[in-house]
Structure formats: C-alpha cells, structure tokens
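Here is the structure we will look at, set down as structure tokens.
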Amino acid sequence: MRAWILRKSEDGEFSCQLETLDEAMLGDEGQLVDVAYSTINYKDGLAMANKSPVVRSWPMIAGIDFAGNLADGPNAGQAVLANGHGMGETRLGALSTRARVPSDWLIPIPTPFGPLHAMAIGTAGYTAMLCVHALEDHGITPATGPILVTGATGGVGTFATMLLAKMGYEVMASTGRASEEAFLKGLGASQIIDRAELSDKGRPLGKERWAGAVDSVGSHTLANAIAQTQYGGCVAACGLAQGFDLPATVMPFILRGVTLAGVDSVQAPREKRLRAWNDLAKLITPAEIEAATEVRPMSQALQAAGDIMANRYKGRVVIDVRAEG
Ligand code: NDP
C-alpha cells in the first residue's frame with residue numbers, strides 16, 4: 001500500500017514521506033477499506049509539519065479522514081467514510097491506499113453522495129454540521145436572530161456559512177480576507193465582519209449582536225463572540241485557529257444566560273455522526289460540492305498541508321490517494 005508516513009527517530013528527528021509500505025502493519029483486526037479519497041484538515045497540516053503534538057504514536061500514517069469502499073466481507077464494495085477516532089494521531093490514518101478500522105467507525109456514505117463528495121465535505125463539513133446541531137439543540141432557530149461564523153473562509157467556516165444560510169439563518173461571516181466577500185456572500189452570508197474587530201481583547205459584555213455563533217478560531221475571537229451573544233444564546237466552539245486560550249469573563253454566562261457548547265468531532269458518538277451525515281446529504285447537492293472541489297494527487301498531500309497552514313486555502317481540496325500525479 002502507499003501511504004504518507006510520519007516518523008520520529010530516537011534523537012527526535014522528524015520525517016514525513018510518501019512510501020510503499022507492507023499492509024501487514026495495519027494488523028488483522030477490523031474492517032479493511034480500499035481508500036479512494038482523503039482530505040487535508042488543519043490538524044493534518046499540524047501533523048505533517050510536526051508543528052504541534054498531534055501525533056502521539058510513532059510511526060504514524062497521516063490523515064484523519066477517508067472515504068472509500070469495503071475491501072472484503074459480505075458487504076464488499078459498499079461506500080463508507082470515517083472521521084477522527086484518533087486516526088492520524090494515535091491510530092494509523094487515512095492518507096493511505098488501504099486502512100483497517102473497527103467496523104463501527106465506518107459510516108455508510110449517504111445517498112446521493114459518493115466517496116469524492118464525502119471527502120470534499122470531510123471532517124470540516126461534518127464538524128460544521130455538528131456545530132449547527134449544537135445551536136439547534138439549544139433551541140435556536142432562524143427566528144431567534146443572526147448567527148456569527150468565525151474563520152468564515154476556512155473549512156469549517158465555509159460549511160457553517162453555507163449550511164446555516166440554506167437552513168434559513170441570517171449569517172454574519174467574520175473573515176480576515178476582505179477579498180473573499182463575494183465568495184462568502186455567494187455561500188449565503190448576509191454580512192461580512194472584519195476579523196480584526198473580534199481578534200483583540202474586548203469588553204466583558206458587548207452589544208448583543210447575534211443569537212449564536214459557530215467559532216473555529218478560539219482565543220479573543222471566541223471571548224468576543226460570547227460577549228456579544230444575545231440573551232439566552234449559544235456559541236458552538238470547535239477550533240483554535242487563533243489560539244487555544246479563552247480570555248473571557250463569566251459575565252455573559254451569569255448576566256445573559258449564554259451557553260458555550262463544546263463540539264468535538266473526533267470521539268463524537270455514532271448517533272451524532274449519522275445525524276450529521278444524513279443532514280449534510282439533505283442540504284448539499286453533489287453538483288455544489290463538485291463545483292467547489294479541487295482534486296489533487298496523493299503526491300501533493302504534503303504541499304496541500306503546507307497550504308492550509310499558510311492560510312492559502314479556499315474551497316475544498318480532496319486527495320485522490322490512488323493517483324500519484
Ligand atoms: P482552516 O485553516 O481551513 O480555517 C481556519 C480559518 O480561521 C482560516 O481560514 C481563517 O479564516 C481563520 N484564521 C486563521 N488564523 C487566524 C488567526 N490567527 N486569527 C483569527 N482567525 C484566523 O481550518 P479548519 O476550518 O479545517 O479548522 C478550523 C479549526 O477548527 C482548527 O483549529 C481545527 O483544529 C478545528 N477543528 C476542530 C474539530 C473538532 O472536532 N473540534 C474538527 C475540525 C476542525 P479567515 O481567513 O476567513 O479569517
């Protein structure tokens with residue numbers, strides 16, 4: 001099998017290479033999958049650049065999500081996807097022509113999607129859907145008020161903007177890329193906010209501007225998102241693109257009853273995953289995905305990882321693991 005493998009030598013030297021590996025390293029437990037596509041997430045960027053302690057077991061196959069087909073068993077050929085569960089961190093990952101994982105990690109790819117669509121949505125789209133569900137489960141509806149999306153041109157942000165707009169929400173999209181206003185409005189954002197407005201230390205309580213937020217940025221941005229959430233609102237926090245700190249006060253919680261909902265895609269229970277993927281299949285069409293997706297060969301995965309770290313991404317990049325390019 002061909003895979004991107006991350007190694008650390010005894011003296012701590014890191015390497016990341018595309019290699020031909022013996023499939024025996026996958027072991028013989030779990031379901032064997034012929035991987036067709038993977039994608040590059042922020043976490044893959046960190047892991048492939050050895051930038052933060054994402055990888056906790058060595059050697060590691062990179063990649064936190066894949067889509068493909070069951071390679072054997074009674075349902076051989078069935079199209080499946082998997083996200084998270086520690087793949088690419090503590091369990092051999094997804095940037096590989098083959099993977100072997102516990103069968104309950106595998107989600108049948110919902111109609112009308114195929115493996116390409118599943119990975120174009122990827123962990124980013126699935127996490128955005130989990131965030132939207134967190135707001136809905138809090139009782140927020142389009143009538144409650146607008147929703148702030150931070151990191152709006154990023155993977156999670158793009159999907160959150162698109163999904164919320166399709167569901168009838170008014171979306172306020174915060175971005176550092178003013179040049180992407182037309183792109184974000186095309187996704188359905190009704191207002192664009194310069195991210196600089198939110199990225200510095202703010203007041204403990206600000207003017208109530210939104211009913212809720214989907215935040216993939218963390219740090220001061222998250223603190224300001226919370227401080228400007230209207231009475232009884234909810235902020236779904238899933239990321240740390242600005243930082244993992246949360247320099248906030250308790251004021252929005254104790255004076256406005258604001259809820260901070262943590263969203264984790266990695267260990268999310270199966271029911272949450274099925275709900276998210278089923279709703280994604282209802283809200284997004286294959287044609288929309290295809291129009292926004294660039295397919296790159298396996299050999300370009302490292303370059304794509306560098307691009308996501310340098311904030312050079314827009315739209316979706318899917319890695320065709322079988323294409324060497
Ligand atoms: P991307 O890199 O695609 O998007 C992040 C976006 O955040 C950027 O596009 C940029 O948007 C904005 N941004 C980047 N740097 C800064 C900064 N210094 N200050 C403010 N904004 C910044 O990453 P993803 O969308 O894939 O992931 C976003 C975050 O969510 C990551 O931290 C990731 O680890 C996390 N994540 C968490 C998951 C979970 O299970 N909890 C699952 C998936 C992702 P713009 O240019 O528009 O301002």
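Computed over heavy atoms, backbone and side chain alike; hydrogens, waters and symmetry mates excluded. Order of listing sets the numbers, starting from 1, for every ligand and every atom in it. Numbers here are sequence positions counted from 1.
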At under 4.0 Å between heavy atoms, is it the side chain or the backbone of [X] that contacts ligand 1, or both, or neither?
{"X": "Thr150", "answer": "neither"}
{"X": "Gln242", "answer": "both"}
{"X": "Asn41", "answer": "neither"}

Quiz prompt | Nearest neighbour of atom 25 (O) of ligand 1 from the list Val156, Asp215, Asp194, on a heavy-atom basis | solution = Val156
Quiz prompt | The one among His220, Arg195, Gln267 that brings a heavy atom closest to atom 22 (C) of ligand 1 | solution = Arg195
Backbone or side-chain N or O of [X] under 3.5 Å from ligand 1 N or O:
{"X": "Gly157", "result": "no"}
{"X": "Ala124", "result": "no"}
{"X": "Thr123", "result": "no"}

Quiz item: Which residue pairs pass the salt bridge (Lys or Arg N to Asp or Glu O under 4.0 Å) test when at least one of the two sits in residues 42-60, sequence neighbours left out?
Solution: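 As it turns out, the salt bridge (Lys or Arg N to Asp or Glu O under 4.0 Å) pairs with a partner in residues 42-60, which skip direct neighbours, are Lys43-Glu89, Arg56-Glu89.
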Quiz item: Would you call Arg296 and Asp320 a salt bridge, taking side-chain N to carboxylate O under 4.0 Å as the test?
Solution: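 Salt bridge flag = no for Asp320 with Arg296.
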Quiz item: Taking NZ, NE, NH1 and NH2 as the nitrogens, is one of them in Lys185 or Glu180 under 4.0 Å from a carboxylate oxygen of the other?
Solution: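 The answer is no: the pair does not qualify as a salt bridge.
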Quiz item: Sequence neighbours excluded, which residues qualify as side-chain hydrogen bond (donor to acceptor under 3.5 Å, both in side chains) partners of Ser219?
Solution: Asp245
Quiz prompt | Within 6.0 angstrom of Arg203 CZ, more than 12 heavy atoms from elsewhere | solution = no
Quiz item: Hey, does Asp264 sit under 4.0 Å from ligand 1 if you only count heavy atoms?
Solution: yes
Quiz item: Is there a heavy atom in Lys43 that sits closer than 4.0 Å to ligand 1?
Solution: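 No, Lys43 has no heavy atoms under 4.0 Å from ligand 1.
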